[in-house]
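The next block holds one structure in the form of structure tokens; read it before the comments.
Values reported hereafter were calculated over all heavy atoms of this structure, with side chains retained and with hydrogens, waters and symmetry mates removed. All figures in this text were calculated on a predicted structure; none of them were measured in a lab. A note on names: the letters A, B, ... follow the listed sequences, proteins ahead of strands, and every chain is numbered from 1.
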Amino acid sequence: DQQVKQNSPSLSVQEGRISILNCDYTNSMFDYFLWYKKYPAEGPTFLISISSIKDKNEDGRFTVFLNKSAKHLSLHIVPSQPGDSAVYFCAASGYSGAGSYQLTFGKGTKLSVIP
Amino acid sequence: NAGVTQTPKFRVLKTGQSMTLLCAQDMNHEYMYWYRQDPGMGLRLIHYSVGEGTTAKGEVPDGYNVSRLKKQNFLLGLESAAPSQTSVYFCASSYSEVGVAKNIQYFGAGTRLSVL
């Protein structure tokens, strides 16, 4: 059963507008959440993260919102730029035993920013 | 600063052949991971290591073995390749404190493997 879900496989947005990418999770034990960005033929790169004790974290054009009661997080990109076109993965950190944590990834959302 | 380096970048194998994928990191990270990415499946954890000389199974470990003889290197082995192992393989590393959920992983560029 998928513990981290990104229900929109793709999203198209006009340049300059807001992009909103959504992610839902089922495991209430997840403590930390991350967003990764991936260009074709490259590895995922860390974008932004948020602890479960916060509801918002901002870094430049990127903001992540966390709603723990709804088990939902979202990534907002404002304003969107053509260079933001990539696949975005949501990930959640959960305890895996012996003091260590693992990441569980969603399937990704492909964002296309149209000039 | 290279970060996480994976070799090779591409490989084609015949069914039954064996190979080893190498991952090297220069960030002095304790934790290292191997993932596979298949179309529509996201990233799935194969094996991971929390330190030199240690390994553990992830979500999809069958058909793979790993070794962490040196802190900076993490090897993924396929003893007898199968077409189902055709995938893109990513290595990652992280600095993670014991008992702390913050686990920012840094990824290599990937190895694209085809098994015919």
Quiz item: Non-hydrogen atoms of chain A under 4.5 Å away: do they reach the side chain of B:L45, the backbone, both or neither?
Solution: side chain
Quiz item: Checking B:E59 against chain A: side chain, backbone, both or neither under 4.5 Å from a heavy atom?
Solution: neither
So if you build clusters from Ile, Leu, Val, Met, Phe, Trp, Tyr with side-chain heavy-atom gaps below 4.5 Å, do [X] and [Y] land together?
X: A:I20; Y: A:F33; value: no
X: B:I46; Y: B:L22; value: no
X: A:L47; Y: A:V64; value: yes
X: B:V66; Y: B:V60; value: yes
X: A:F30; Y: A:Y32; value: no

Self-check item: pair B:F90-A:K38: side-chain heavy atoms closer than 4.5 Å
Solution: yes
Quiz item: Going by heavy atoms in the side chains, are A:F46 and B:Q105 under 4.5 Å from each other?
Solution: no
So with a 6.0 Å cut-off around [atom1] of [X], is the heavy-atom count from everything else above 12?
X: B:R112; atom1: CZ; answer: no
X: A:R17; atom1: CZ; answer: no
X: B:E79; atom1: CD; answer: no

Quiz item: Say you draw a straight line from OG1 of A:T45 to OH of B:Y106; how long is it, rounded to the nearest 0.5 Å?
Solution: 10.5 Å
Quiz item: Say you draw a straight line from CD1 of B:I104 to CG of A:L103; how long is it, rounded to the nearest 0.5 Å?
Solution: 9.5 Å
Quiz item: In residues 105-115 of chain A, which residues are in contact with chain B at a heavy-atom separation under 4.5 Å?
Solution: A:F105, A:G106, A:K107
Self-check item: For chain B, which residues of residues 69-81 of chain A have heavy atoms nearer than 4.5 angstrom
Solution: none
Quiz item: With a 4.5 angstrom heavy-atom cut-off, which part of A:A41 approaches chain B: side chain, backbone, both or neither?
Solution: backbone
Practice problem: Select one option (side chain, backbone, both, neither) describing which atoms of A:Q6 are under 4.5 Å from chain B's heavy atoms. | Solution: neither
Self-check item: Trace of the ring pair (Phe, Tyr, Trp, His ring centres under 6.0 Å) decision for A:Y36 with B:F107
Solution: CA-CA 10 Å; A:Y36 281 83; B:F107 285 81; 5.5 Å; yes
Exercise. Could you tell me whether a side-chain N or O of B:N103 sits under 3.5 Å from a main-chain N or O of A:Y101, the two making a donor and an acceptor?
Key: yes
